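A quick write-up on the structure given underneath.
Sequence positions, counted from 1, serve as the residue numbers for this chain. Keep in mind that what you see is a predicted model, and the values were worked out from it rather than measured. Hydrogens, waters and symmetry mates are skipped; everything else that's a heavy atom, side chains included, is used.
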Amino acid sequence: MLITLFSCKNSENDVVFEETKPIPIVEKFGFKYNDFNVSNDTIQNGDTFGSILNQQNLGEQKAYEIIEKVKDSFDVRIMRIGKPFTLFRSKDRNKKLQAFVYQPDRGSYYVIDLRDSVRVFKKVRPVTFKKKTIAGSLNGSLSEAIEKEGVDAALASKITKIYAWSIDFFKLKRGDKFGITFTERYIDDTIYDGVDSLKAAFFEYKGKKIYAFPFEQNQGSGKLDYFDDEGKALKNFFLKAPLKFVNITSHFAKNRFHPVQMIWKAHKGTDYAAPTGTPIMTTASGVVEQTGFTAGNGNFVKVKHDRTYSTQYLHMSKILARRGQHVNQGDIIGKVGSTGLATGPHVCYRFWKNGVQVDALRLKLPNSEPMNKQNLPRFLTQIKPLKRELDSVARLKAKK
């Protein structure tokens, strides 16, 4: 469609024609928007497919017939509050409904086409993946550093999970460098849909670069483990701490002044302060050996991991595990509290090795899944270009 613009000057018969401008054609969901009266909305509380149809001057009988015809192809129960839908109506005075489009997510949509006959079909938008490498130095939290590079902060959560067994992120220092290679999802090649997966990373930690590379030891299994640049597993047998956010207020000590009992005595655990209700994780897989309450320990859970190691978690506000239950590393077994002899909300984390209580922070614990020696050449070949790209981007960033 073309529009011709013109203007008349004051002098008689003096008409000036201006440039003819085409109306832009908009197409979406397989419909040319220019041919319809289009309205966009979202599902509100109380909305149903039937109630939406009844607002389109179709008549109750016609609306009922449409619902009956589409019920086997479009489950109306999938409609959720806040999800978008689009109505295509005719451009005449009747504004008759021609089509209804519902988007359950950004990657797909349902079309109920009411022209000629009632047809229903689902379309899945094509998804593409784009690789990206960023590098920088910390001047605050990891999330802030990542956002500064124009990347979804959700990447920080992925990173901290991968490095949970080898880096205490609360001990990273301002100026520590990092580099990350990852992929991002795009719908229809243009709509950003977040971070997909990590391909490679490094962090400076205590003066050393710690790399992370995903690797499938058993090809075709789909199971990825993370290894450093020498093929050593990042995932240790135990997590560094039973809380996601670490604030140590008291270390393991042979002699410490007890703040409640007001005497000097051994403190055979590590205290991590956190708000009441903060989830407490078991630091390794195992079986819950004990749960209960004592005057000193308050609510507690003890987990036996194997013949050598056991851990205990004290002063809980709530116990969320039961005796005899198998728990996996990272499972929530309770919530932080101040029950028993405690001056404030925290978890006292205790660690046993061969029946003797030891300082968990001083132990050198084994890796859980070492690299198979036969896989090492394939791994080193795979990570070589990734490591080169990471280091190259980091050097360029450092020069700026």
Side-chain angles (χ1 to χ4, degrees), residues 26-90 95-130 143 146-147 151-158 160-161 182-198 222 244 277 279 320 330-332 335:
V26 178
E27 290 191 29
K28 195 175 180 182
F29 309 121
F31 294 91
K32 190 182 293 184
Y33 273 44
N34 310 62
D35 297 339
F36 300 91
N37 178 294
V38 183
S39 64
N40 298 295
D41 207 340
T42 56
I43 303 297
Q44 305 296 316
N45 188 27
D47 281 349
T48 65
F49 182 51
S51 68
I52 293 171
L53 289 181
N54 285 329
Q55 296 170 15
Q56 308 308 312
N57 299 319
L58 295 171
E60 290 187 9
Q61 182 60 34
K62 181 64 175 177
Y64 174 78
E65 290 174 1
I66 293 172
I67 293 170
E68 285 296 302
K69 286 182 180 179
V70 306
K71 66 181 182 181
D72 294 332
S73 306
F74 177 63
D75 186 354
V76 297
R77 293 174 297 179
I78 69 170
M79 295 174 64
R80 296 288 183 269
I81 294 173
K83 296 296 182 181
F85 67 90
T86 303
L87 300 173
F88 292 88
R89 303 186 184 92
S90 62
K95 293 185 179 179
K96 184 179 178 182
L97 184 65
Q98 303 292 294
F100 170 86
V101 177
Y102 174 68
Q103 300 176 72
D105 52 60
R106 287 192 288 188
S108 64
Y109 58 89
Y110 288 87
V111 175
I112 300 176
D113 193 338
L114 306 177
R115 298 170 297 180
D116 299 332
S117 61
V118 179
R119 296 184 303 123
V120 180
F121 52 91
K122 181 182 179 180
K123 288 283 187 178
V124 178
R125 293 187 173 106
V127 178
T128 55
F129 299 91
K130 299 179 182 180
S143 295
I146 286 175
E147 284 186 320
V151 178
D152 187 350
L155 178 60
S157 178
K158 291 179 180 287
T160 53
K161 286 179 181 178
F182 55 97
T183 55
E184 295 177 308
R185 293 185 304 275
Y186 286 85
I187 298 171
D188 285 339
D189 206 39
T190 56
I191 304 172
Y192 178 71
D193 194 43
V195 172
D196 180 65
S197 60
L198 180 79
K244 284 189 176 181
L320 297 176
D331 283 354
I332 306 303
K335 294 188 176 182

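- Contact between G194 and D152 at its shortest, heavy atoms only, is CA-OD2, 4.2 Å.
- Remark: Y64 OH is loosely packed, at most 12 non-hydrogen atoms of other residues, nucleotides or ligands lying under 6.0 Å away.
- With a 4.5 Å cut-off on side-chain heavy atoms, L87 and D41 do not count as touching.
- Under the 4.5 Å side-chain criterion, counting only non-hydrogen atoms from C-beta, D72 is not in contact with V120.
- In this structure, I112 CD1 and L97 CG are separated by 9.5 Å, a value rounded to the nearest 0.5 Å.
- Remark: D105 CG to K83 NZ distance equals 6.5 Å, nearest 0.5 Å.
- Pairing each heavy atom of Q98 with each of R115, the nearest pair is OE1-CG, 3.3 Å.
- Formation of a donor-acceptor pair under 3.5 Å by the S73 side chain with backbone atoms of V70 is not found in this model.
- The shortest heavy-atom contact between N54 and A63 is OD1-CB, 3.4 Å.
- Remark: side-chain polar atoms of R185 are not paired, donor with acceptor, to backbone N or O of Y192 under 3.5 angstrom.
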Yes or no on side-chain contact (heavy atoms from CB on, under 4.5 Å) for Y110 and I78, after CA distance, side-chain angles and deciding distance?
CA-CA 11 Å; Y110 288 87; I78 69 170; 3.4 Å; yes
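- Side-chain atoms of F29 and K123, non-hydrogen and from C-beta on, never get closer than 4.5 Å to each other.
- Annotation for I332 and P279: closest pair CD1-CB, 3.6 Å, computed over non-hydrogen atoms.
- Put simply, the side chain of E184 never gets that close to the backbone of F182: no donor and acceptor are under 3.5 Å apart.
- Between S157 and T160, the shortest heavy-atom distance links the atoms O-OG1, 2.9 Å.
- For the pair V111/F88, no side-chain contact is recorded, criterion being any heavy-atom separation below 4.5 Å from C-beta on.
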Working note: M79 + I52, criterion side-chain contact (heavy atoms from CB on, under 4.5 Å); need CA distance, chi angles, decisive distance, verdict.
CA-CA 12 Å; M79 295 174 64; I52 293 171; 4.0 Å; yes
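- Taking CZ of R77 as the start and NZ of K71 as the end, the distance is 12.0 Å to the nearest 0.5 Å.
- Side-chain contact between Y109 and Y102 is absent, with no heavy atoms from C-beta onward closer than 4.5 Å.
- What you find for G46 and S51 is that their closest heavy atoms are O-OG, 4.3 Å.
- By the 4.5 Å heavy-atom criterion applied to side chains, I66 and L114 are counted as neighbours.
- At distances below 3.5 Å, at least one donor-acceptor pair connects side-chain atoms of R125 with backbone N or O atoms of R106.
- Here the straight-line distance linking atom OG1 of T183 with atom CZ of F129 works out to 6.5 Å at 0.5 Å rounding.
- When side chains are defined from C-beta on, E68 does not count as touching E65, because their heavy atoms never get closer than 4.5 Å.
- Atom CG of N57 sits in a sparse spot, with 12 or fewer heavy atoms from other residues, nucleotides or ligands closer than 6.0 Å.
- Side-chain atoms of D188 do not come within 3.5 Å of backbone N or O of T190 as any donor-acceptor pair.
- For the atom pair OG1 of T86 and CD of Q103, the computed distance is 5.5 Å after rounding to the nearest 0.5 Å.
- Considering only heavy atoms from C-beta on, V151 comes within 4.5 Å of V195 through its side chain.
- The line from OG of S90 to CG of D35 is 11.5 Å long, rounded to the nearest 0.5 Å.
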